[in-house]
Structures are given as C-alpha cells and as structure tokens.
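Written out below as structure tokens is the structure these notes cover.
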Amino acid sequence: MTIALHHSRATGAVKLVLLGIANHDGDGGAWPSIATLAKYAATTPRTVQRSIQQLQRLGEIRRHVNAGGTHMTADYMRPNLYQFLLRCPPTCDRSSRHRVHGETAPVVLFDPPTVASGGDAHVGGTPDAHVGGGATPASPEPSLNRQMKDQGSTKPATDARAASKGLNESIVRDKCKHSPLGWHDWNASSYCNFCGSRREDAPS
C-alpha cells in the first residue's frame with residue numbers, strides 16, 4: 001500500500017481507488033467489490049469504474065473479469081480480480097519512506113531569516129536588508145529649518161531674562177531709606193520727596 005502512496009501517478013479519487021485495491025492485495029490478488037471501493041473513495045460506483053479504467057491505462061493494475069474469490073466461490077458469483085502491478089522504481093531506496101534518489105529539492109526563494117545581534121531579523125544575515133525585501137531606512141538628516149526655528153525660539157526667553165534683570169535693578173534703584181514705604185517718591189522735577197535724591201534716568 002505504501003508503494004501506491006509514494007509512487008503512483010494517479011491523483012484524487014483515482015488514487016483512492018488504487019489504495020483500496022492495494023489494501024486488499026495479497027498473494028492471490030485483490031477482489032474488492034465496486035461498492036467497497038466506492039465507500040473507500042467516498043464516491044459513486046460509476047466513478048470507481050472510470051477510475052479502474054484509468055489505472056489500467058497507467059499500467060498500475062490489471063483487471064481480470066470474474067476471476068476473484070476463493071475455491072469455494074461459485075463461478076457466477078466471482079468478482080473481478082485486480083492485479084496490483086505498481087513497483088518501486090530503480091532509484092527508490094526501498095525504505096519505509098520510499099525516498100527516490102535524484103529528486104529535485106524544493107526551491108528556496110530566499111535564505112531563512114537569521115537574527116542579528118541587535119535582535120532584528122535580517123535576510124541571509126545581511127544587516128542592511130530586512131525581511132520583506134526592503135532596505136533599512138536611513139536616519140533622517142537634521143532639518144536646517146528646525147535648527148533655525150530652535151535658535152529663534154530662544155530669543156523670547158533671552159528677552160524675558162533681560163527684562164527680569166532690568167526690573168530687579170530698577171527695584172534696587174527705587175528703594176529709599178527715608179521713605180516709610182521703602183520707595184522713592186519722585187516729584188515732577190525727578191527728585192525724591194523724602195531723601196532729595198535725583199532719579200538716574202531723569203532727563204538732563
């Protein structure tokens with residue numbers, strides 16, 4: 001039966017019929033009924049009959065009409081006898097797997113992915129070719145506009161610090177030791193009403 005599995009040229013229901021015949025094959029041949037073979041192949045008796053004809057054309061079986069049965073079977077009740085002709089080819093190793101020498105190895109379209117040191121899968125171990133055939137995207141160049149924008153964005157912060165510094169200096173200048181509030185009270189002539197000092201930013 002394994003010979004039929006590995007070396008038959010039949011396919012589909014035809015091969016299932018052949019396997020059914022091989023399953024019954026013995027020293028005296030095989031004589032399963034058409035109904036039995038139809039059950040094995042999950043098909044109709046008509047399909048079984050066509051499959052037997054195709055197997056004969058392939059040279060894998062030979063049918064002998066009304067030649068099956070035992071010596072106790074009446075002649076008018078004898079089923080057809082099927083002779084299983086399929087044999088291992090010369091290149092078969094005759095093992096349980098029936099490997100044939102010289103069979104074409106399956107075509108490998110690309111090398112199996114290997115894992116690089118960084119944990120990324122690459123094709124054929126090449127660090128620049130990722131799985132999927134695409135190249136490793138290059139690191140984006142720094143944008144000149146972004147740099148100019150970042151430089152420009154520091155100007156408001158600089159102006160704010162300068163304004164804060166000027167405000168602190170102004171607070172120091174406006175302090176008055178003689179004023180009860182602690183601040184100069186400037187009059188229209190730019191002089192303090194408490195200590196008499198003149199404003200530093202007063203016009204000459």
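Computed from a predicted model, the values in this text were never measured in an experiment.
- Put simply, the side chain of Arg50 does not reach to within 4.5 Å of the side chain of Val48, judged on heavy atoms.
- Summarising the geometry, atom CD1 belonging to Ile34 is positioned 10.5 Å from atom OG1 belonging to Thr44; distances are rounded to the nearest 0.5 Å.
- Residue pairs meeting the side chain to side chain donor-acceptor pair (under 3.5 Å) criterion with at least one partner in residues 33-43, sequence neighbours excluded, are His24-Tyr40, Ser33-Thr36, Thr43-Thr47.
- Checked by atom type and distance alone, the side chain of Lys15 pairs as donor or acceptor with a backbone atom of Leu5 at under 3.5 Å.
- Between Ala41 and Ala13, the closest heavy-atom pair is CB-O, 4.3 Å.
- Shortest non-hydrogen contact noted between Leu19 and Ala4 is CD2-CB, 3.7 Å.
- Note on residues 54-79: pairs passing salt bridge (charged side-chain N to carboxylate O under 4.0 Å, His left out), not counting sequence neighbours, are Asp75-Arg78.
- The main-chain N or O of Asn66 is found under 3.5 Å from a side-chain atom of Asn80 such that the two form a donor-acceptor pair.
- Applying the ring pair (Phe, Tyr, Trp, His ring centres under 6.0 Å) rule to Phe84 yields no partners; only residues at least two apart in sequence or on another chain are considered.
- Take Leu81 and apply the side-chain contact (heavy atoms from CB on, under 4.5 Å) test, not counting sequence neighbours, and it matches Trp31, His64, Ala67.
- Taking CG of Leu58 as the start and CD of Gln56 as the end, the distance is 10.5 Å to the nearest 0.5 Å.
- Linking Ile, Leu, Val, Met, Phe, Trp and Tyr whenever their side-chain heavy atoms come within less than 4.5 Å leaves Leu55 and Leu16 in two separate clusters.
- If you take CG on Leu37 and CG on Leu18, they are separated by 10.0 Å, rounding to the nearest 0.5 Å.
- Separation of atoms SG (Cys88) and NE2 (His6) is listed at 9.0 Å; rounding is to 0.5 Å.
- His7 pairs by the side-chain hydrogen bond (donor to acceptor under 3.5 Å, both in side chains) definition with His98, not counting sequence neighbours.
- Atom-to-atom distance recorded for Asp25:CG and Ile61:CD1 is 10.5 Å, nearest 0.5 angstrom.
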Audit row: Arg46, Gln49, side-chain hydrogen bond (donor to acceptor under 3.5 Å, both in side chains) steps and yes/no:
CA-CA 5 Å; Arg46 181 58 183 162; Gln49 293 172 349; 3.2 Å; yes
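- Here Met77 sits in one hydrophobic cluster together with Tyr76; the rule is ILVMFWY side chains under 4.5 Å apart, joined directly or through other members.
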